[in-house]
Amino acid sequence: MTHEQQPDQPAPCRPCQELALAEAVAKAEYDWSKATDCRVLMKRHRESGECVAGQSA
């Protein structure tokens, strides 16, 4: 099985990628508050209409 993008799932936009990376770093550093902040910011970004990846995920 490959890690190719599914046709019905758009690629994440740059802010989504940056927030996902920041969340992963926060988790690795056991900074649960920062990880939660990243998830909240991701949700707000996706709901804002600025996200080119849409609201799925």
Side-chain angles (χ1 to χ4, degrees):
M1 187 179 265
T2 63
H3 294 285
E4 293 178 14
Q5 196 73 347
Q6 297 295 327
D8 60 337
Q9 296 177 349
C13 63
R14 185 167 186 93
C16 286
Q17 292 173 335
E18 291 171 355
L19 287 167
L21 176 60
E23 181 184 0
V25 170
K27 285 180 178 179
E29 295 174 348
Y30 302 102
D31 187 344
W32 310 122
S33 178
K34 185 174 181 179
T36 299
D37 291 344
C38 291
R39 286 191 300 275
V40 169
L41 291 171
M42 176 82 79
K43 181 175 175 153
R44 287 182 185 169
H45 166 69
R46 288 182 175 163
E47 291 175 348
S48 72
E50 296 174 8
C51 182
V52 296
Q55 294 181 5
S56 63

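Everything quoted here is computed from the prediction, not taken from an experiment.
Across every non-hydrogen atom of A35 and A26, the tightest pair is N-CB, 3.6 Å.
A 4.5 Å side-chain heavy-atom check between P15 and E50 finds every atom pair outside the cut-off. A heavy-atom distance below 4.5 Å is found between the side chains of K43 and E47. You'll find the side chain of C13 reaches within 4.5 Å of the side chain of H45, heavy atoms only.
The CZ atom of R44 sits 13.5 Å away from atom CZ of R39, with the distance rounded to the nearest 0.5 Å. Rounding to the nearest 0.5 Å places CG of L19 at 9.0 Å from CZ of R46.
Sorted by first and then second residue, the pairs that involve residues 24-36 and meet salt bridge (Lys or Arg N to Asp or Glu O under 4.0 Å), not counting sequence neighbours, are E23-K27.
Shown here are the side chain to side chain donor-acceptor pair (under 3.5 Å) partners of Q17, two or more places apart in sequence or in another chain: there are none.
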